[in-house]
Amino acid sequence: MNEKHYFNESYKEAVKAFNKGEVPVGAVVVFEDKIIARAHNNREAKQSFKGHAEFLAMEKAAKKIGSWRLEDCDVYVTMEPCPMCAGAMIQARVRKCYYSSFDLKNGVANSIINLFDLPFNHHVHCEYVDDQGKSEQLVKTFFKKLRKKD
């Protein structure tokens, strides 16, 4: 498989979140060139602060491979990780993280700081990949729709 396929799959998860009234973020975890876990935001439905797409996908991946160590796994997520998710990636020893939209309020892969560049005991390679604005547009549409309800 290729990067574009993984981003398409994470985008499908983001659309699921959008349709459920959740902030539209989706993620997949890839191990040995196969998607082993997928998730989308569910904070509102579950009333859980940890209901972020990449956090949930990493939990599923750990169960699937039988280890909290995700050192041979890559995470594809439609939005730049927040401090909680970036920290979880570092702690889980994720190999790489790819994201397709910036989060100017909470993003810690480039927007506010780059948490991944700090000297932790594990380094996660993290990079932005352009999806022609598809993920960013979904988030903008979600918040426009949300504001119209008020």
Side-chain angles (χ1 to χ4, degrees), residues 2-18 20-31 35-63 65 67-147:
N2 64 25
E3 193 174 84
K4 188 173 182 175
H5 170 73
Y6 302 138
F7 270 115
N8 285 338
E9 293 302 306
S10 64
Y11 184 80
K12 287 178 187 176
E13 289 295 318
V15 170
K16 288 179 188 177
F18 181 93
K20 293 176 180 179
E22 300 277 356
V23 175
V25 178
V28 298
V29 178
V30 175
F31 175 69
I35 294 173
I36 61 165
R38 57 182 73 229
H40 55 273
N41 277 4
N42 71 6
R43 279 198 321 181
E44 296 302 325
K46 299 288 183 182
Q47 287 300 298
S48 173
F49 63 84
K50 64 180 186 172
H52 290 201
E54 58 269 54
F55 195 96
L56 298 170
M58 288 188 303
E59 283 187 321
K60 290 178 182 180
K63 285 180 185 168
I65 65 173
S67 175
W68 62 268
R69 289 178 180 89
L70 302 178
E71 55 205 358
D72 294 322
C73 295
D74 301 329
V75 176
Y76 292 80
V77 61
T78 59
M79 183 178 281
E80 179 181 5
C82 73
M84 176 182 70
C85 294
M89 287 180 201
I90 293 165
Q91 292 299 311
R93 299 183 178 144
V94 165
R95 181 174 52 193
K96 296 178 183 175
C97 169
Y98 301 98
Y99 63 97
S100 55
S101 67
F102 293 99
D103 183 349
L104 301 178
K105 293 182 180 181
N106 297 297
V108 296
N110 271 318
S111 292
I112 297 174
I113 63 167
N114 192 333
L115 194 67
F116 296 107
D117 278 350
L118 297 177
F120 293 106
N121 68 326
H122 177 74
H123 177 75
V124 177
H125 173 79
C126 188
E127 69 181 76
Y128 167 77
V129 176
D130 186 8
D131 72 348
Q132 288 78 49
K134 198 164 79 167
S135 297
E136 180 182 359
Q137 190 56 51
L138 187 64
V139 171
K140 285 181 178 180
T141 301
F142 174 80
F143 282 109
K144 282 180 188 173
K145 182 178 168 186
L146 194 64
R147 283 192 287 276

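These values consider heavy atoms only, across backbone and side chains, with no hydrogens, waters or symmetry-generated copies.
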Hey, does [Y] have a side-chain heavy atom less than 4.5 Å from the side chain of [X]?
X	Y	value
Leu138	Pro24	yes
Glu22	Lys16	no
Lys134	Gln132	no
Val129	Glu3	yes
Leu56	Asn42	yes
Phe120	Leu115	yes
Val25	Glu54	yes

Please output the side-chain donor-acceptor pairs of residues 88-96 that fall under 3.5 Å, not counting sequence neighbours, one pair per line with the distance.
from, atom 1, to, atom 2, distance (Å)
Arg95, NE, Asp74, OD1, 3.0
Arg95, NH2, Asp72, O, 3.4
Arg95, NH2, Asp74, OD2, 3.1

Nearest atoms (heavy-atom pairs only) where [X] meets [Y]:
X	Y	value
Ala61	Ala37	N-CB, 3.6 Å
Phe49	Met84	O-CE, 3.4 Å
Pro83	Asn106	CD-O, 3.4 Å
Asn41	Ala17	O-CB, 4.0 Å

* Kindly assign one of parallel, tilted or perpendicular to the pair Phe18 and Phe142, based on the angle between their ring planes and the thresholds 30° and 60°. =>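 Rings of Phe18 and Phe142: perpendicular, over 60°.
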
* What class does the angle between the rings of Tyr98 and His125 fall in, given that below 30° is parallel, 30 to 60° is tilted and above 60° is perpendicular? ->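 Judged by the thresholds at 30° and 60°, the geometry between Tyr98 and His125 is perpendicular.
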
Backbone of [Y] reached by a side-chain donor or acceptor of [X] within 3.5 Å:
X	Y	value
Gln47	Glu44	yes
Asp103	Lys105	yes
Ser101	Thr78	yes

Measuring from atom [atom1] of [X] to atom [atom2] of [Y], what distance do you get when rounded to the nearest 0.5 angstrom?
X	Y	atom1	atom2	result
Cys97	Met58	SG	CE	8.5 Å
His5	Tyr76	NE2	OH	10.0 Å
Tyr11	Asp131	OH	CG	8.0 Å

* Donor + acceptor pair across side chains of Lys12, His40 (<3.5 Å) ->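 Note: Lys12 and His40 side chains miss the donor-acceptor criterion.
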
* Asked: For residues Ser100 and Ser135, is any side-chain donor paired with an opposing acceptor at under 3.5 Å?
  ->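 On atom types as modelled, these side chains qualify, holding a pair under 3.5 Å.
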
* To do: Not counting sequence neighbours, which residues clear side-chain contact (heavy atoms from CB on, under 4.5 Å) with Arg38? List them please.
  =>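 Here the qualifying residues are Glu9, Glu13, Val28, Ile35.
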
* Asked: Considering residues at least two apart in sequence or located in another chain, which fulfil the side-chain contact (heavy atoms from CB on, under 4.5 Å) criterion with Ala109?
  ->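 With sequence neighbours excluded, Ala109 shows a side-chain contact (heavy atoms from CB on, under 4.5 Å) to Glu80, Pro81, Tyr99, Phe116, Cys126, given in chain and number order.
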
* Asked: Can you list the steps and then say if Ile36 with Val30 is a side chain to side chain contact (heavy atoms under 4.5 Å, CB included)?
  -> CA-CA 6 Å; Ile36 61 165; Val30 175; over 6 Å; no

* Asked: Is Glu59 salt-bridged to Lys63, cutoff N-O under 4.0 Å?
  ->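 Looking at Glu59 and Lys63, the cut-off is not met.
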
* Do Val29 and Lys60 pass the side chain to side chain contact (heavy atoms under 4.5 Å, CB included) test, and can you show the C-alpha distance, the side-chain angles, and the key distance before you say yes or no? -> CA-CA 9 Å; Val29 178; Lys60 290 178 182 180; over 6 Å; no

